[in-house]
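Only heavy atoms go into these numbers, but all of them, side chains included; no hydrogens, no water, no symmetry mates. Just so it is clear, the structure is predicted and the values come from calculations on it, not from any experiment.
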Amino acid sequence: MPRLLTLFFDIGSMADPPAPPEHTGRSANAAHVSRSRGGGGGGGGGGAAETPLQLLRARATQLVADAVRGVPAYMWYTCLPQLLSRVGHPNAEVQAVVVQALAHLLASHPHQALWHVSGLQLSLNKARKAVGERVVAKAYQTLLQEARAADAQCVRDAKALFDDLIDLAQHQPPTERTRETTFNIGRRIRLERFVVPVQAALTGQPLVSAHNPFPTAQVHIRRFNDQIRFMPSKAKPKKVSIQVLETGETLNFLCKQERKGDLRKDGRLMEVNGMVNRLLQRCPAGRQRRLRLRTYAVLCLNEECGVLEWVPNTTGFRQVRTSRARGPPMEPAFRYSAGHPKQPSYQQLRTVLDQLQHPSVAPHEAAATYRAQIVPRFPPCMHRWFMEHFREPTAWFEARTTFARSAAVWSGVGHVVGLGDRHGENILIDTTRGECVHVDFDCLFDKGLTLARPEIVPFRLTPNMVDGMGLTGYEGVYRNSLEVTMSVLRDNRETLLSVLEPFLQDPTVAWGRTGRAQRDEFAGGAGAGGAAAAAGGDTVNEDAKRILRVIDERLRGMYNVYAPAPRVKAPASGARGGAAAAAAAAADQQQQLKLKGPELPLSVQGQVHRLIQEATSLENLAQMYVGWMPWS
């Protein structure tokens with residue numbers, strides 16, 4: 001279905017080629033003769049014969065329109081994000097089909113679809129907002145005609161609920177020390193009509209006999225708790241709690257505003273991860289090892305704000321490492337507090353890394369200095385966290401194995417999709433199972449290579465990550481699981497590319513730019529597609545073809561993580577400045593040759609070996625940003 005829609009949208013965007021210059025006069029005369037003979041018919045350009053492209057567009061439009069009426073609505077549910085992204089299609093007939101499909105889907109499954117569709121009414125783009133209002137109005141009238149007044153009122157009330165959630169996402173604490181506040185959500189509407197937006201309730205199931213697309217018992221909202229907690233991160237997301245009507249339990253969610261990112265990227269990657277989980281379950285080796293990616297619901301309220309399902313019983317990898325580095329009172333020999341002479345301060349670390357990352361320093365010299373001055377100051381301590389949290393031997397072994405396997409799956413998938421910004425706060429650990437959970441997916445498709453300090457490692461495999469995997473480190477469980485993951489991804493290359501292509505072709509998301517640039521386009525500002533986006537039309541995503549080519553190469557076994565050339569400052573005057581510039585040029589050449597990798601595809605085992613080698617290379621870790629904590 002996603003592939004069908006992609007072809008439909010592409011065909012609808014095609015323009016008729018201009019007539020050749022030598023035939024222009026002849027065509028004009030023929031048209032004049034046809035009109036003078038009274039041969040003009042109604043529609044289609046005054047009786048002129050339709051071109052093959054026009055016939056193809058008409059046939060494709062009719063085919064998809066018939067499918068909207070004939071195909072069960074739950075099958076369209078899998079294409080919901082793709083349909084939402086193309087509501088601004090420049091072809092009016094295509095846009096009408098998209099509106100009809102969304103309205104049909106919202107009327108058929110209102111409790112699930114409204115969490116995705118209602119946000120269109122609050123879009124920052126006026127044209128998309130108008131389309132959203134049309135979709136909701138059509139679905140509302142359909143529900144009234146079917147005598148489903150309660151569902152119709154729920155669809156109408158969704159806008160008021162989303163308004164409250166957006167206000168909460170945009171709310172900022174009055175002071176930096178403010179940790180809690182009170183906020184009323186949904187007081188004007190009947191919340192018991194709304195399904196709790198957890199992933200299990202919003203995910204459709206594959207086709208089976210006597211099919212029920214949403215077999216999970218639906219739970220509804222009783223109320224939102226008034227107490228809101230501000231999280232300590234820079235964006236100040238808010239932790240909000242929902243009380244479940246049927247069970248009385250409390251479920252937590254994160255309501256946030258992305259000023260420099262785009263939560264739609266998180267939502268798209270969650271869907272890709274769901275496909276990867278299904279592929280891993282089909283593979284006997286993946287099923288035996290219980291390989292999976294931990295996923296959660298991501299709901300976009302508009303282009304800036306969204307609601308994320310809270311992942312319970314998790315703590316940040318950075319917090320785990322920091323707490324273990326201090327050491328418990330009974331083990332003073334392992335204590336490394338901030339004031340301990342063996343552990344340098346943050347400023348000292350930054351000074352050392354700045355010196356190592358200067359273009360004049362050769363990679364092997366930087367690695368030697370990094371090994372001598374930084375590595376000994378931070379001995380790995382992750383194994384102690386597992387020993388303290390899982391004291392029973394069987395539980396300890398199971399948790400450590402789960403940690404290694406989950407880290408391997410995230411490493412493989414993260415490398416394929418170019419997932420960056422993997423610092424310690426974007427990697428969580430389940431404190432009950434030891435499982436790795438990744439969050440914050442704004443830095444996708446090798447965007448990390450464009451940062452001020454390029455993230456040149458394929459994934460995070462730092463000393464503490466390796467230390468948590470046991471005595472064998474990345475040899476054994478981790479390597480085997482990564483080989484299984486890469487084998488599954490490579491065997492299903494066509495499937496993954498077909499799933500990724502519709503997301504990459506989304507004209508409302510600029511995968512290679514920052515969130516601010518995207519919102520400038522929505523405001524009609526300068527830049528690629530600014531005018532079209534301001535008018536509500538689709539824009540051509542220029543990054544899509546390049547990204548798909550890079551992903552295809554990785555799924556064929558090629559290593560193509562290319563770091564950009566370092567920015568060399570103007571050299572100082574004199575012989576010393578000239579020597580520094582020459583050394584910088586030589587270092588840059590060596591770095592480019594090292595990162596270019598083999599041009600021929602590698603086997604699965606060879607590719608995994610190369611990835612581990614690059615991820616643990618001290619030459620690469622010495623070039624990382626100090627906040628990424630490559631020694632941890």
State, to 0.1 Å, how close [X] and [Y] come at their nearest heavy-atom pair, and which atoms those are.
X	Y	value
E619	H364	OE2-CA, 3.8 Å
A452	P454	O-CD, 3.5 Å
L419	H438	CD2-ND1, 4.3 Å
I456	L449	CA-CD2, 4.1 Å
G316	L428	CA-CD2, 3.8 Å
E309	Q199	OE1-N, 3.0 Å

Under a 4.5 Å cut-off applied to non-hydrogen side-chain atoms, are [X] and [Y] in contact?
X	Y	value
M469	V477	no
R460	M629	yes
V240	F183	no
P463	W631	no
Q170	C305	yes
L263	K256	yes
R268	P81	yes
V488	R282	no

Using 0.5 Å steps for rounding, measure from the [atom1] atom of [X] to the [atom2] atom of [Y].
X	Y	atom1	atom2	answer
F441	D421	CZ	CG	11.0 Å
T485	L279	OG1	CG	11.0 Å
N302	I166	CG	CD1	4.0 Å
E258	D266	CD	CG	7.0 Å
W410	S481	CH2	OG	15.5 Å
R179	I228	CZ	CD1	15.5 Å

Give me the one residue out of L461, V466, V608 that meets side-chain contact (heavy atoms from CB on, under 4.5 Å) with Y478.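 When L461, V466, V608 are each tested with Y478, the side-chain contact (heavy atoms from CB on, under 4.5 Å) holds only for L461.
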Give a yes or no answer on whether the side chain of [X] reaches the backbone of [Y] with a donor-acceptor pair at less than 3.5 Å.
X	Y	answer
T431	N313	yes
T351	Q347	yes
D467	M382	yes
K238	A169	yes
N480	G476	yes
S487	E483	no
N620	V457	no
N277	L293	yes
Q281	G286	no

Given the rule in the salt bridge (charged side-chain N to carboxylate O under 4.0 Å, His left out) test, do R290 and E398 qualify, once you have shown the distances and angles that lead to the verdict? CA-CA 12 Å; R290 292 172 293 179; E398 185 68 23; 2.7 Å; yes
In a check of side-chain hydrogen bond (donor to acceptor under 3.5 Å, both in side chains) between Q607 and each of R556, R554, R490, which one passes?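 Exactly one candidate clears the test, R490.
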With side-chain hydrogen bond (donor to acceptor under 3.5 Å, both in side chains) as the test, pick out the partner of Q257 among E304, H171, K236.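 Option passing the side-chain hydrogen bond (donor to acceptor under 3.5 Å, both in side chains) with Q257: E304.
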Taking the six-membered ring of Y559, is NZ or CZ of R610 closer than 6.0 Å to its centre and within 45° of its axis?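 Ring-cation test returns yes.
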Modelled atom types, side-chain donor and acceptor of T314 and D430, under 3.5 Å: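 On atom types as modelled, these side chains do not qualify, holding no pair under 3.5 Å.
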D442 with K447: basic N within carboxylate O range, under 4.0 Å: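 Salt bridge flag = yes for K447 with D442.
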Check D552 with K545, please: is the shortest side-chain N to carboxylate O separation under 4.0 Å?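 Between D552 and K545 there is no salt bridge, as every charged N stays at least 4.0 Å from the carboxylate O atoms.
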Hey, is CZ on R287 packed in by over 12 heavy atoms from elsewhere, all under 6.0 Å?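 Yes, enclosed.
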Is atom CE of M231 surrounded by more than 12 heavy atoms (other residues, nucleotides or ligands) closer than 6.0 Å?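 Atom CE in M231 is packed in, count exceeds 12.
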In sequence, state the C-alpha distance, the side-chain angles, and the governing distance for K239 and W310, and then conclude on side chain to side chain contact (heavy atoms under 4.5 Å, CB included). CA-CA 8 Å; K239 183 179 180 181; W310 188 270; 3.8 Å; yes
Could you check R453 against M624 for side chain to side chain contact (heavy atoms under 4.5 Å, CB included), going step by step and ending with a plain yes or no? CA-CA 6 Å; R453 292 292 186 191; M624 299 297 293; over 6 Å; no
Side chain to side chain contact (heavy atoms under 4.5 Å, CB included) evaluation trace for F317 with N464: CA-CA 9 Å; F317 176 77; N464 270 293; 3.7 Å; yes
One pair to check against side chain to side chain contact (heavy atoms under 4.5 Å, CB included): N273 and Y296. What are the steps and the verdict? CA-CA 10 Å; N273 291 345; Y296 49 88; over 6 Å; no
